[in-house]
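In what follows, a single structure is set out as structure tokens and then discussed.
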Amino acid sequence: MNMETQALDEAHMGRALQLAARGLFTTDPNPRVGCVLVQGGRIVGEGWHYRAGEPHAEVHALQAAGDAARGAVAYVTLEPCGHTGRTPPCADALIEAGVVRVLCATLDPNPLVAGAGIARLRAAGIEVAVGSLAAAARALNVGFFSRFERGRPYVRLKLAMSLDGRTAHANGVRAWITGEAARLDVQQWRARSSAVLTGSGTVRGDDPQLDVRLAYGDWVRQPLRVVLDTDLRLDPHARLLQGQGALVIAAHDASGSLAPTAVPVQRVARTAQGLDLAAVLAVLQVREVNELLVECGATLAGSFLRAGLVDELIVYVAPQLLGADAAPLALLERAAGTAALGAFEFHDMRRVGADLRLTLRPRTVH
């Protein structure tokens, strides 16, 4: 492949990724996928997946292209499916439309697809290439890949702190540390997440709703709201437990009760520190949770960090000091000897209103 052809292919795939990102808040538990159809160097059809149960990106692009799809090249950000799930196989739709070449950024990790879509296309005589802008395509669906490749969701831990690493006033008075712009920014993280998780201590202290309050498009998908309540001591009238879309996870031997609420309770093993967090993530994987946002207090934050289950830290830093007696960012025991509790690398830093947002990921050992 010459440089000019590669550049054109990457440009069209880049456009497909832009389209895929339009489904950032809506496609869950499906991946975000975009498709571009090109005929004679000109884009003749575009599409992206809106939400689960509705047509996939390829189908929307083919409908937009009409007869111009015959003989076209298709750029798809994820391998076209070759099985019947909530919708018919997209590979068959591309074959029937008469496309002659398909470029997909990456294979689909779902074992129901996992190369079957590509095999179907090639068997029909269609040229297929894989790998253009693969890293960007994976990044857009980091939770989807995590769920199938690692058997657990991609975990983001969101924290807010003062300049001296404190999260709440020493006198126990509940007050916002960060400004309105940062709190609105958190809504974006919630909106793209499959589930938002907190601990029973946060529910008792703050009585949060953990819902999405954004206006985007004509439809708002609320993430699953998950509370870890080891002994089932929550007040059944807590706001988070009202209505649909909540889940409580407790220990197998929990003696309490949430009656008279109808909120489902899932049981996992108890450990010396509380609940087995790996088992919690396994429960959420079965529920098709791709991206998990953890919003919690210092105790549960420390547990996730100690367990090595944090894939990304989102830390909002407010330009104020709270003092040594204020609540810490995370409760962590001192490491034995010189062993570190965990090392992270800065991935992104930006101003959000008057505050600073830091995005960090675990340091990779080379």
Side-chain angles (χ1 to χ4, degrees), residues 155-190 193 195-213 223 225-230 233-234 238-240 273-275 277 280 292-335 340-362:
V155 178
R156 291 188 178 93
L157 174 61
K158 189 278 293 182
L159 299 167
M161 70 178 191
S162 61
L163 287 174
D164 49 349
R166 302 293 164 169
T167 60
H169 294 277
N171 58 13
V173 174
R174 300 287 175 175
W176 292 110
I177 294 176
T178 55
E180 184 177 350
R183 297 197 294 273
L184 181 60
D185 192 63
V186 172
Q187 289 286 313
Q188 305 274 344
W189 293 110
R190 286 185 188 176
S193 300
V196 181
L197 181 148
T198 194
S200 57
T202 297
V203 175
R204 284 191 292 269
D206 296 341
D207 196 20
Q209 288 181 284
L210 298 184
D211 58 347
V212 174
R213 298 181 289 277
R225 304 184 310 280
V226 183
V227 187
L228 303 190
D229 184 19
T230 305
R233 302 299 185 192
L234 278 176
R239 293 196 300 170
L240 191 147
Q273 291 75 37
L275 295 178
L277 294 181
V280 168
L292 174 67
L293 181 65
V294 179
E295 299 189 44
C296 62
T299 300
L300 186 54
S303 296
F304 267 95
L305 288 166
R306 280 196 307 273
L309 294 173
V310 176
D311 298 306
E312 195 165 275
L313 270 174
I314 309 293
V315 182
Y316 294 88
V317 184
Q320 59 176 296
L321 300 169
L322 295 182
D325 293 334
L329 187 69
L331 291 177
L332 293 164
E333 295 93 351
R334 182 176 299 174
L341 287 168
F344 289 81
E345 296 176 333
F346 288 107
H347 177 69
D348 183 70
M349 293 174 280
R350 65 183 64 195
R351 284 282 299 271
V352 181
D355 305 308
L356 183 66
R357 189 187 78 197
L358 308 177
T359 305
L360 305 96
R361 294 174 182 168

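Between Val317 and Leu163 the shortest side-chain heavy-atom distance falls below 4.5 Å. Counting heavy atoms from C-beta on, the side chains of Phe346 and Asp348 never come closer than 4.5 Å. Residues Thr202 and Leu300 have side chains not in contact (no heavy-atom distance under 4.5 Å, counting atoms from C-beta outward). Between Val310 and Pro362 the shortest side-chain heavy-atom distance does not fall below 4.5 Å. Counting only heavy atoms from C-beta outward, the side chains of Leu305 and Phe344 approach each other to under 4.5 Å. Considering only heavy atoms from C-beta on, Val294 stays 4.5 Å or farther from Lys158 through its side chain. Taking the side chain as every heavy atom from C-beta outward, Glu295 and Val186 approach each other to under 4.5 Å. Contact check for Leu293 versus Leu197: no side-chain heavy atoms found under the 4.5 Å cut-off.
Applying the salt bridge (Lys or Arg N to Asp or Glu O under 4.0 Å) rule to Arg351 yields no partners; only residues at least two apart in sequence or on another chain are considered. For Gln320, the side chain to side chain contact (heavy atoms under 4.5 Å, CB included) partners two or more places apart in sequence, or in a different chain, are Ser162, Ile177, Ala318, Leu322. Looking at residues two or more places apart in sequence or on another chain, you find a side-chain hydrogen bond (donor to acceptor under 3.5 Å, both in side chains) between Arg361 and Glu312, His347. Partners of Ala301 by side chain to side chain contact (heavy atoms under 4.5 Å, CB included), not counting sequence neighbours, listed by chain and number: Leu157, Leu159, Cys296, Ala330. Scored by the salt bridge (Lys or Arg N to Asp or Glu O under 4.0 Å) test, Arg204 finds no partners at all (sequence neighbours excluded).
Using modelled atom types, one finds a donor on one side chain and an acceptor on the other under 3.5 Å when comparing Arg306 with Ser303.
Thr167 contributes a side-chain N or O that, together with a main-chain N or O of Pro328, makes up a donor-acceptor pair within less than 3.5 Å. Asp229 places no side-chain N or O within 3.5 Å of a backbone atom of Ser200 that could act as its donor or acceptor partner. For Asp311 (side chain) and Val155 (main-chain N/O), a donor-acceptor pair under 3.5 Å exists by modelled atom type.
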- Item | Chi angles and distances behind the side-chain contact (heavy atoms from CB on, under 4.5 Å) call for Gln209, Arg225 | CA-CA 8 Å; Gln209 288 181 284; Arg225 304 184 310 280; 5.7 Å; no
- Item | Verdict with reasoning, Arg166 to Met161, per side-chain contact (heavy atoms from CB on, under 4.5 Å) | CA-CA 5 Å; Arg166 302 293 164 169; Met161 70 178 191; over 6 Å; no
- Message: Evaluate Trp176 against Arg183 for side-chain contact (heavy atoms from CB on, under 4.5 Å), listing each step before the verdict.
- Response: CA-CA 9 Å; Trp176 292 110; Arg183 297 197 294 273; 3.1 Å; yes
- Item | Chi angles and distances behind the side-chain contact (heavy atoms from CB on, under 4.5 Å) call for Leu277, Leu228 | CA-CA 10 Å; Leu277 294 181; Leu228 303 190; 3.8 Å; yes
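Annotation: Glu180, atom CD; neighbour count of heavy atoms from other residues, nucleotides and ligands within 6.0 Å does not exceed 12.
Cation-pi geometry between Arg156 and Trp189 is not met at under 6.0 angstrom from the ring centre and within 45 degrees of the axis.
When every heavy atom of Arg190 is checked against every heavy atom of Pro223, the shortest pair comes out as O-CG, 3.8 Å. Among all heavy-atom pairs drawn from Ala160 and Thr178, the shortest one is CB-CG2, 3.9 Å. Contact record, Val203 with Ala238: CG1-CB, 3.7 Å, taken as the closest heavy-atom pair.
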For residues 352-359, dump all side-chain donor-acceptor pairs below 3.5 Å to protein atoms at least two apart in sequence or in another chain.
| unit_1 | atom_1 | unit_2 | atom_2 | d |
| --- | --- | --- | --- | --- |
| Asp355 | OD2 | Gly179 | N | 2.7 |
| Arg357 | NH1 | Asp185 | OD1 | 3.3 |
| Arg357 | NH1 | Asp185 | OD2 | 2.8 |

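Here the straight-line distance linking atom CG of Asp164 with atom CG of Leu329 works out to 11.0 Å at 0.5 Å rounding.
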